Amino acid sequence: MDLNVNIAGVILKNPVMPASGTYECNSIHDNIFSPDEPGAIVSKTIFINSREGNAPPRICETPCGMLNSIGIPTAGVNNFIRDRLPVLAGFGVPVVISIAGNSLEDFCKLAGIIESTGKADLLELNLSCPNLHHGIEWARDKNELYRVIKRVKEVTNLPVIAKLSPSVTDISEMSLIAESAGADAVALINTYKGMKIDINKRKPFLGNIAGGLSGPAIHPLAVYAVYSSFTKISIPIIGTGGIASWVDAVEMILAGAAAVGIGMYNFVNPLIMREVISGIEAYLKDNNFDSITEITGIAHL
Amino acid sequence: MKIKNNLIKPFLTEGRIKARKNEYTGYLDLLIENDKIAEHAMPGQFVMVRGWNSNDPILSRPFDIVQVDPANGLFRLVIKITGEGTGLLNVLRSGSRLVITGPLGNPVEVPHGEKIVLLVRGVGAAAVVYLAESAKNAGTEVYTFLSASAKNRLVCRDYLKNASKDLNIITDDGSDGYHGDARDILERFINKSKPDRIYTCGSGRFARFADEQDRKGLIKGFVFLESHMACGMGDCHGCAVKKRDSGGYYLVCKDGPVFPVNSVELD
Ligand SMILES: Cc1cc2nc3c(=O)[nH]c(=O)nc-3n(C[C@H](O)[C@H](O)[C@H](O)COP(=O)(O)OP(=O)(O)OC[C@H]3O[C@@H](n4cnc5c(N)ncnc54)[C@H](O)[C@@H]3O)c2cc1C
Ligand SMILES: Cc1cc2nc3c(=O)[nH]c(=O)nc-3n(C[C@H](O)[C@H](O)[C@H](O)COP(=O)(O)O)c2cc1C
Ligand code: FES
């Protein structure tokens, strides 16, 4: 069975990867799951400088999902390159480095620094974090979205994935803008901005007031984001949002995803990525397909 | 202050409920069959548990490992029924299967040949039983103050009694032991018996008391912390607790759950 997928010239041995910020590739997983099993590994988003992250509480359970307002704590790019990147690059699978910045210059600078290490295969621009001061705005404003992707593409030869926000009027238009600015792939979707109120304290539950909704609750929304973008763009889509089983992943691929990202379900079932990989393989076999690419987007009539 | 990350790598495993009892209404005592947890878990560690197949509730629930019996492949949890997840666990019968990730968190160092005080309230008592038993076996004198709103909330009373040289009961309503604020008796006890360490769980007031004693420089204070958790393994950065003095946060699951009381901000 051929599970290989090609994302902007990088071959993944299978179409499954963790979604940024949900799987650290630490040795703590050694008895459970190995980082060399997915088709690619994805770093948590990094910034140039270190960041503390947001005030707790940072997470809150919701029906079939969770809100998070983590706020991307990071040790900053220098520490990341010294301490984490060699680890990530040592698993023999393509490495996606997720970056974000407070300004267009930050994105460009980070792209340059990451490329110069020679250890990253793909760059993911997190243009869609709902927990930053200027996070989601990149993916909400058409001009800014175009500008940031275009500039980053000018300063780096690394293939660029634009991670977009569903908290917009029509994400397929944003996918189209990302493509026209030169993005090599899009990751759809980041979390939906949302909030929870503690009715006893009569205050927002999360320390940062609002957060991002992930999990099975958003899966149908994510499938539609992928489905509606697929016909508008020709670059690959990494379908992310609420995948909790191989069935959810196959749905995403039939909607048009070339690969899938698995986020919060890594917390629920630390074996989910392995189960999704084997489930997709069995599905293809049972339905007499020879390769994963045969089913990408075939739900479109 | 630097905290050592001394993680035993966790397993994703299944456990069968061997026995269950509700000693008091609203509290569940589960004896679970699982060789791996029974063999590897250390005092201070916890497990993430789910006892349902659906995605609602979606997150596994963290609970302290109360006792282990490696020879028989058993370990114990003591659970206060507070909401949806614990409610679902409470209706499971003996023989039911649980999905367990663990052991998680850093073991707490077991004091040898010392004198220690445990100040625990409510289900916070569950966190220190394993430490108390291990310390006792290591020749440490364990003095325990167990507090609750009323007599029928004195969780883990017998377990702590067996492990302690002396168990003092404190209740808010006076239905057992000392009535109300225990500050006086605690201070008197500490001045007289001069323990080496104090451990607290389940009460902000006890934690602040331990902090005050710690500041005097003669006794080391430790606090068992809780926080909302999604992964229990350092992946989600959800379980943050503010560091004292220096900026930033610790992760309760990765850096704790037991902290020197002077290293974290207390509520
Ligand atoms: C390291 C650690 C050890 C713990 N040990 C024990 C123990 O030994 N015995 C025991 O009874 N309880 C313990 N708790 C608390 C226990 O995890 C919660 O009471 C339980 O998760 C509540 O779940 P629920 O679905 O019944 O409540 P709900 O209120 O319906 O839960 C909603 C969400 O909030 C979270 N939550 C609610 N209360 C707490 C809390 N106090 N701490 C952390 N998360 C919470 C739940 O996990 C869930 O994600 C521990 C918590 C932590 C972090
Ligand atoms: C705790 C948590 C942390 C996250 N951190 C990041 C991050 O650092 N960068 C990023 O691009 N997305 C981040 N995300 C979003 C996920 O990568 C993913 O896009 C989103 O959660 C939807 O997928 P899911 O429903 O499978 O979780 C985070 C999500 C969660 C739940
Ligand atoms: S619970 Fe996820 S980092 Fe602690």
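Because the structure is a prediction, the values reported are computed rather than measured.
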> Is the shortest heavy-atom distance from the side chain of B/C231 to the side chain of A/N266 under 4.5 Å?
Replying inline: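 No; the side chains remain at least 4.5 Å from each other.
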> Do B/I58 and A/M264 come within less than 4.5 Å of each other through their side chains, counting heavy atoms only?
Replying inline: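 They are in contact (side-chain heavy atoms under 4.5 Å apart), so the answer is yes.
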More than 12 heavy atoms from other groups under 6.0 Å of [atom1] on [X]:
{"X": "A/I209", "atom1": "CD1", "answer": "no"}
{"X": "B/R244", "atom1": "CZ", "answer": "yes"}
{"X": "A/Y224", "atom1": "OH", "answer": "no"}
{"X": "A/R202", "atom1": "CZ", "answer": "no"}
{"X": "A/K196", "atom1": "NZ", "answer": "no"}

Straight-line distance of [X] [atom1] to [Y] [atom2], nearest 0.5 Å:
{"X": "A/Y265", "Y": "B/N55", "atom1": "OH", "atom2": "CG", "value": "3.5 Å"}
{"X": "B/M229", "Y": "A/I59", "atom1": "CE", "atom2": "CD1", "value": "8.5 Å"}
{"X": "A/N26", "Y": "B/M233", "atom1": "CG", "atom2": "CE", "value": "10.0 Å"}
{"X": "B/H237", "Y": "A/I70", "atom1": "NE2", "atom2": "CD1", "value": "8.0 Å"}
{"X": "B/H228", "Y": "A/M66", "atom1": "NE2", "atom2": "CE", "value": "11.5 Å"}
{"X": "B/T101", "Y": "A/H29", "atom1": "OG1", "atom2": "NE2", "value": "10.5 Å"}

Please state whether the side chain, the backbone, both or neither of [X] comes within less than 4.5 Å of a heavy atom of chain B.
{"X": "A/P57", "answer": "neither"}
{"X": "A/A217", "answer": "neither"}
{"X": "A/S27", "answer": "both"}

> Are the side chain of A/E61 and the backbone N or O of B/L59 linked by a donor-acceptor pair below 3.5 Å?
Replying inline: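 Between the backbone of B/L59 and the side chain of A/E61 there is a qualifying donor-acceptor contact (under 3.5 Å).
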> Salt bridge check: are A/E52 and B/K243 linked by an N-O gap of less than 4.0 Å?
Replying inline: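 Looking at B/K243 together with A/E52, the answer is no, because their closest N to O distance does not fall below 4.0 Å.
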> Which answer fits B/Y249, side chain, backbone, both or neither, if we ask what part of it has an atom under 4.5 Å from a heavy atom of chain A?
Replying inline: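 It is the side chain, since no backbone atom gets that close.
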>> Heavy-atom cut-off 4.5 Å, strictly under: side chain, backbone, both or neither for B/M48 against chain A?
In response: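 Neither part; nothing is under 4.5 Å.
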> Taking every heavy-atom pair that is under 4.5 Å apart, which of B/P57, B/G232, B/S227 has the most such pairs with chain A?
Replying inline: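 Counting heavy-atom pairs under 4.5 Å, the top option is B/P57.
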> Looking at A/V268 and B/S60, what are the two nearest heavy atoms and their distance?
Replying inline: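 For A/V268 and B/S60, the tightest heavy-atom pair comes out as O-OG, 4.2 Å.
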>> Which heavy atom of A/T22 sits nearest to which heavy atom of B/D235, and what is that distance?
In response: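 A/T22 and B/D235 have their closest heavy atoms at O-CB, 3.8 Å.
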> Of the listed residues (A/N54, A/I72, A/T62), which shares the most heavy-atom pairs with chain B below a 4.5 Å separation?
Replying inline: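 Of A/N54, A/I72, A/T62, A/N54 has the most heavy-atom pairs under 4.5 Å with chain B.
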